[in-house]
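Handing you this structure, nothing more for now.
Atoms within each ligand, like the ligands themselves, are counted from 1 in listed order.
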Amino acid sequence: MPALCPTLRRDGDQVVILDQTRLPFEEHYLHLAGLADAVTAIRDMQVRGAPLIGATAAFGVALALRHDASDATLEEADRSLRQTRPTAVNLHWALNRMRAALLPLAPDARGAAAWAEAEAIRREDAAANARIGEHGLALLRRQAATARRPLNIMTHCNAGWLATCGHGTALAPLYAAHAAGLDIHVWVSETRPRNQGLLTAWELARSGLPHTLVADNAAGWLMAEGRVDCVIVGADRIAANGDTANKVGTYLKALAARAHDVPFYVAAPRSTIDLACPNGAAIPIEERDADEVRMLAGLAGDGSVVRARLVASTSAVCNPAFDVTPAGLLTGIICESGVLAPDALAPLATS
Ligand code: MRU
């Protein structure tokens, strides 16, 4: 298993995060001192990935209540954190859980309870990651028994430890497989425009996992050539019918996988499954700033990070951050309870 740098931890009455806007060039930690810092961290993607966004929001509530734990402060924290990003349901899940734990308490009991609940959310996410890793490993072992060596797994975006509080969602089975000695190789798609695939490459390199970075558009060709044995991606929201929102580009990979008979798995904790959301059409899809498409960041020869413009600002840009993959294109959903059939999520409501 990889050595984790903590993506999120409490430090006294502050919270420390790994600033993901500076990766993969620089490993830099930021102290969040209050609600405004937590809001900025989520909105500006200093933290990112659905489970980590949820945990950060929970710690944001704890930060907000440090000096004033009145109903008004709690409501204000809930409102401003909820507005940061629309698609990842873990944000709402975590805030609902914080409300349910804190509102019934007297204000003077809320401070300590908020830290404890946020810590529980963080711990439980790490435990869910571990279970996802075990269930995914069982799948990969079965595939490895019949596939050529090494087993070639494709992933998209970053659903590793940078996106969670533990070993990740889509990457947890890969870390587990590597630790178990399975011969695996990971295709990492770069994930324009925010290039989260570069974060995945950075993570995998730190853990010594064999991997190859490819442009997003290479995925279909690699599958057509028989060079992909399965795809595992994360999720930002899974609707009750199994339709899954994940980083933009996921849908195209799922279509290519279906065309070439490549198993396509989504790995996510149950906190990403939104049974109140009937289907993919009801999932709000975040549209982000046009400059994310117009600009690229990279390292200059002198080691400084530079941003370069790719296109004139006169060209219109559309920048949906996520897309929806219909449940029918998924082979299974790997969560902490096991590998679920995408069209059979309803029983989770009562389990
Ligand atoms: O916009 P981001 O970077 O917060 O996107 C979220 C993601 O990391 C991915 O969509 C991921 O595949 C699912 S979250 C583990």
Side-chain angles (χ1 to χ4, degrees), residues 7-8 17-24 40-57 84-94 125-126 128-129 132-133 136 153-175 186 188-203 216 219 231-238 244-254 264-274 280 283-289 292-293 319-325 330 333-336:
T7 46
L8 174 72
I17 59 163
L18 175 57
D19 181 358
Q20 301 197 27
T21 61
R22 291 160 83 155
L23 291 174
T40 302
I42 299 171
R43 193 195 51 222
D44 294 354
M45 294 176 66
Q46 291 165 340
V47 291
R48 41 149 300 285
L52 186 62
I53 288 171
T56 305
T84 48
R85 297 194 66 192
T87 303
V89 75
N90 308 62
L91 173 70
H92 303 278
W93 172 87
D125 186 53
N129 288 182
I132 290 169
I153 302 137
M154 178 171 278
T155 190
H156 184 59
C157 192
N158 172 265
W161 58 260
L162 287 170
T164 68
C165 303
H167 284 99
T169 54
L171 296 196
L174 310 188
Y175 287 128
V186 189
V188 178
S189 56
E190 74 184 325
T191 318
R192 278 280 287 150
R194 289 288 297 217
N195 293 326
Q196 286 94 335
L198 305 187
L199 305 183
T200 296
W202 180 83
E203 260 199 63
D216 297 317
V231 182
I232 308 181
V233 298
D236 294 85
R237 190 184 300 228
I238 301 172
T244 294
N246 191 49
K247 184 55 56 191
V248 69
T250 303
Y251 175 41
L252 276 176
K253 285 188 174 58
F264 191 99
Y265 292 99
V266 165
R270 286 177 59 163
S271 53
T272 304
I273 300 175
D274 183 2
I283 299 177
I285 298 296
E286 178 178 13
E287 276 234 19
R288 294 187 59 85
D289 196 286
E292 291 186 349
V293 177
N319 185 17
F322 302 93
D323 60 25
V324 175
T325 301
L330 307 181
I333 295 174
I334 311 168
C335 76
E336 60 270 47

**Asked** Side chain, backbone, both or neither: which part of E286 has a heavy atom under 4.0 Å from ligand 1?
**Response**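 Near ligand 1, E286 shows nothing, with every heavy atom at 4.0 Å or more.
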
**Asked** Should the proximity of N158 to ligand 1, defined as any heavy atom under 4.0 Å, be assigned to the side chain, the backbone, both, or neither?
**Response**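 The answer is the backbone of N158.
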
**Request:** Could you list the atoms of ligand 1 found under 4.0 angstrom from a heavy atom of C157?
**Result:**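 With C157 as reference, the close atoms of ligand 1 come out as 7 (C), 8 (O), 9 (C), 10 (O), 11 (C), 12 (O).
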
**Request:** For M45, counting its heavy atoms only, list the atoms of ligand 1 lying under 4.0 Å from any of them.
**Result:**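 Those of ligand 1 that fall under 4.0 Å from M45 are 1 (O), 2 (P), 3 (O).
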
**Message:** Check this for me - ligand 1, G49, N or O atoms closer than 3.5 angstrom, yes or no?
**Reply:**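 For ligand 1, there is an N or O atom that lies under 3.5 Å from one belonging to G49.
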
**Any N/O pair T164/ligand 1 closer than 3.5 Å** =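 Between T164 and ligand 1 (N or O atoms, distance only) the closest approach is not under 3.5 Å.
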
**Message:** Among all the protein's non-hydrogen atoms, which is closest to atom 8 (O) of ligand 1, and how far away is it?
**Reply:**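 So the nearest neighbour among protein heavy atoms is R48 NH2, 2.6 Å.
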
**Asked** Do R194 and R48 have side chains that get closer than 4.5 Å, going by heavy atoms?
**Response**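 Side chain of R194 against side chain of R48, heavy atoms only: no contact under 4.5 Å found.
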
**Distance filter under 4.0 Å to Q196 heavy atoms, resulting ligand 1 atoms** =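 Selected atoms, number and element: 1 (O), 2 (P), 3 (O).
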
**Asked** Atoms of ligand 1 less than 4.0 Å from N246 heavy atoms?
**Response**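 Matching atoms, with element in brackets: 9 (C), 10 (O), 11 (C), 12 (O), 13 (C).
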
**Asked** Using heavy atoms and a threshold below 4.0 Å, how should the contact between A235 and ligand 1 be classified: side chain, backbone, both, or neither?
**Response**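 Near ligand 1, A235 shows its backbone, while the atoms from C-beta on stay back.
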
**Asked** Salt bridge check: are E336 and R270 linked by an N-O gap of less than 4.0 Å?
**Response**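 Between R270 and E336 there is no salt bridge, as every charged N stays at least 4.0 Å from the carboxylate O atoms.
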
**Message:** Can a donor-acceptor pair be found, under 3.5 Å and without considering hydrogens, that links the side chain of T272 to the backbone of D236?
**Reply:**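 A pair under 3.5 Å: no.
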
**Asked** Quick check: does any side chain N or O of D125 sit under 3.5 Å from a backbone N or O of C165, one acting as donor and the other as acceptor?
**Response**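 Flag set: sc D125 to bb C165 pair under 3.5 Å.
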
**Request:** Check each heavy atom of R85 against ligand 1 and say whether those closer than 4.0 Å belong to the side chain, the backbone, both or neither.
**Result:**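 The answer is the side chain.
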
**Prompt:** To the nearest 0.5 Å, what is the distance between CG (D289) and CG (N319)?
**Reply:**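 So the gap between those two atoms works out to 7.5 Å.
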
**Item:** Distance filter under 4.0 Å to A163 heavy atoms, resulting ligand 1 atoms
**Value:**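 The list of qualifying atoms is 15 (C).
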
**Asked** Among all protein non-hydrogen atoms, which one is nearest to atom 6 (C) of ligand 1, and what is the separation to 0.1 Å?
**Response**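 The closest heavy atom on the protein side is D236 OD2, 3.0 Å.
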
**Message:** Just to be sure I'm reading this right: ignoring hydrogens, which of G234, A268, A50 gets closest to atom 14 (S) of ligand 1? Compare them by their nearest heavy atoms.
**Reply:**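 Checking each option, the heavy atom nearest atom 14 (S) of ligand 1 is found in A50.
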
**Message:** Checking contacts here: is it the side chain or the backbone of K247 that comes within 4.0 Å of ligand 1, counting heavy atoms only? Could be both or neither.
**Reply:**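 Both parts.
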
